[in-house]
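For reference, the structure discussed in these notes is given below.
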Amino acid sequence: MSFAPVDEQMATVTRGVVDLVVRGELEARLRESHTSGKPLRVKAGFDPTRPDLHLGHAVLLQKMRQFQDLGHTAILLVGEFTAMVGDPTGQNDLRPRLSRDDVRAAAKTYTEQAFKILDPARTELRSNAEWIDKLTPGEMVELMAKMTVSRMLERNDFGQRFADEKPIYQHEFLYPLLQGYDSVALDCDIELGGTDQLFNLLVGRDLMPKYGLRPQMVMTTPILEGTDAKLVNGKVAGKKMSKSADNYIGLMEEPLSMHRKIMQIDDDVIFRYFELLSARTNAELAALKEERAAGKSPMVIKALFAREIITRFHDEAKATEAAAEFARVYSGDAIPEDVAEHTLACEGPTLWIAKALSEAKLVSSTSDGKRMVEQGGVEVDQVRVTDAKLGLERGKRYLLRVGSKNRKFAYVTIKP
RNA sequence: GGAGGGUUACCCGAGUGGCCAAAGGGAGCAGACUGUAAAUCUGCCGGCUAUGCCUUCGAUGGUUCGAAUCCAUCACCCUCCA
């Protein structure tokens with residue numbers, strides 16, 4: 001195995017990271033691997049608690065992929081045992097614990113999605129049940145004897161809860177220890193995690209020398225902002241990507257939907273996404289930024305990102321198709337292919353437009369429908385309706401459209 | 001165990017007998033401008049074929065011509081004292 005020069009590797013792997021403990025050590029170890037030809041062992045663990053992942057989760061995986069592309073080995077560690085303990089990080093309360101079956105099922109869907117990013121040939125897929133299940137009570141005590149309570153209380157959420165006199169159960173202290181023990185068992189060179197994991201990762205670093213191993217380096221990746229993030233004073237600002245804030249792009253999402261959401265990202269924020277998720281090299285990104293500064297259309301740049309992401313999670317043909325469909329339906333004025341059909345009953349001589357919109361589920365109520373018409377947000381057969389009292393005639397078929405930004409279509413046929 | 005404060009629409013929050021379908025802000029939606037970006041401006045933001053009617057201010061019951069507003073009971077939350 002021949003590796004790229006160390007400074008080049010450093011530039012790639014440190015892109016976008018939040019914490020790096022310790023930079024010099026990482027350089028040294030990369031140099032060592034460069035000489036010996038031995039790849040670094042790069043660990044990242046996850047608790048398979050949620051089934052569907054979004055781009056925010058992909059940031060960490062992308063970072064691992066960068067290590068892989070440089071020739072190193074990724075260790076994807078399934079926290080089969082620790083998931084049952086429940087990591088209290090970021091929680092103000094105790095987290096619910098899962099059964100082993102739940103965990104296994106979730107792990108399966110998780111890894112399927114993770115391998116859209118990771119290179120399976122350079123990935124070790126492991127479960128920490130392998131070694132934690134085998135720990136004897138004596139070994140467990142020994143592990144616990146390597147960490148003090150006050151050290152645990154340094155962790156923000158524990159400290160806060162202690163100060164607030166909220167309960168901290170003893171098994172919760174076990175979580176960071178077990179996670180750290182995983183690093184011991186795997187003898188890894190570096191562990192990656194989200195910034196909220198910093199404490200846990202450092203426990204691993206502390207533990208390793210106590211077991212006679214060289215301490216791992218620790219690197220944390222940022223939490224990706226949602227698709228509604230803005231650029232404020234040169235910095236990306238916004239809520240983190242999450243399902244509940246509805247500002248996420250799911251890894252399993254439909255190509256067209258992915259494309260649309262990416263095109264809606266703020267022009268200046270797209271580079272944040274590139275930095276954290278693109279497989280493009282630093283040089284390529286720098287070139288792209290220059291082109292942008294020189295006046296290249298931000299839409300073209302966003303489309304590049306959309307293409308890369310859709311190709312990764314679906315395939316290239318789907319990416320092309322999505323781009324074309326997007327141009328046709330949204331940029332142009334075409335009608336999408338899958339428009340719902342409704343047949344509506346009618347009591348009077350005609351069916352009130354507001355009622356029709358409501359029954360076709362384009363609006364939430366007749367009042368809402370009436371409002372939409374009054375505000376000029378409704379088209380019937382591609383012509384804007386201005387009369388809020390308009391009646392649709394029996395026996396005819398109409399194409400209804402509401403809104404433009406989030407346009408919705410439906411065909412309705414009024415029963416004769 | 002004692003004392004006090006609170007619960008208002010998606011969220012925050014004003015309102016303490018009629019002028020309250022309920023101020024203001026945020027979110028959201030529509031329109032203008034655009035590139036379905038951002039920013040900005042305008043409007044909307046409980047339901048109902050509607051100058052009116054119906055349902056809503058933690059729940060239930062009451063006082064009143066009239067209740068988000070007063071009274072009683074219940075539920076939940078918070079603060080202080082023990």
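Note on naming: letters A, B, ... go to the chains in the order of the sequence lines (proteins, then strands), and numbering restarts at 1 for each one. Small disclaimer: the values here were computed from a predicted structure and weren't measured.
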Whole-Å gap separating [atom2] ([N]) and [atom1] ([X]):
X: A:Ile262; N: B:U36; atom1: CD1; atom2: P; result: 16 Å
X: A:Ile265; N: B:A38; atom1: CD1; atom2: P; result: 11 Å
X: A:Arg292; N: B:G35; atom1: CZ; atom2: C1'; result: 12 Å
X: A:Asp387; N: B:U49; atom1: CG; atom2: C1'; result: 13 Å
X: A:Glu379; N: B:G31; atom1: CD; atom2: P; result: 9 Å
X: A:Met372; N: B:G28; atom1: CE; atom2: C1'; result: 10 Å
X: A:Arg401; N: B:C29; atom1: CZ; atom2: P; result: 16 Å

Can you tell me the base-pairing partner of [N]? Count Watson-Crick or G-U wobble geometry only, both distances below 3.5 Å, and say none if there is no partner.
N: B:U49; value: none
N: B:A3; value: B:U79
N: B:G24; value: B:C12
N: B:U42; value: B:A30
N: B:G58; value: B:C74

For B:U42, glycosidic torsion class - syn if within 90° of 0, otherwise anti: anti
So, OP1 or OP2 of [N]: does either fall under 4.0 Å of a side-chain N or O from [X]?
X: A:Lys230; N: B:A38; value: no
X: A:Arg384; N: B:A32; value: yes
X: A:Arg371; N: B:G47; value: yes

5' priority, RNA chain B, between A:Phe326 and A:Thr350 [closest heavy atom]: A:Phe326
Can a salt bridge be assigned to the pair [X] and [Y] using a cut-off of 4.0 Å between side-chain N and carboxylate O?
X: A:Glu316; Y: A:Arg307; result: yes
X: A:Arg104; Y: A:Glu80; result: yes
X: A:Glu253; Y: A:Lys261; result: yes

Spatial distance of atom CD (A:Gln66) from atom CD (A:Gln68) [nearest 0.5 Å]: 10.5 Å
Between A:Arg31 and A:Gln9: side-chain donor-acceptor atoms closer than 3.5 Å: no
Which part of the nucleic acid, if any, lies within contact of [X], taking any heavy atom under 4.0 Å across all strands shown: a base, the sugar-phosphate backbone alone, or nothing?
X: A:Ile270; result: nothing
X: A:Ser365; result: sugar-phosphate
X: A:Lys370; result: base
X: A:Arg260; result: base
X: A:Asp267; result: base
X: A:Met299; result: base

Pair A:Tyr411-A:Tyr398, ring-ring contact (aromatic ring centres under 6.0 Å, His included): steps then yes or no: CA-CA 6 Å; A:Tyr411 285 109; A:Tyr398 297 90; over 10 Å; no
Nucleotide of B:U49, B:G35, B:C48 approaching A:Ser367 most closely (side-chain heavy atoms): B:C48
Selected nucleotide, minimal atom distance to A:Lys355 side chain, candidates B:G47, B:C48, B:A37: B:C48
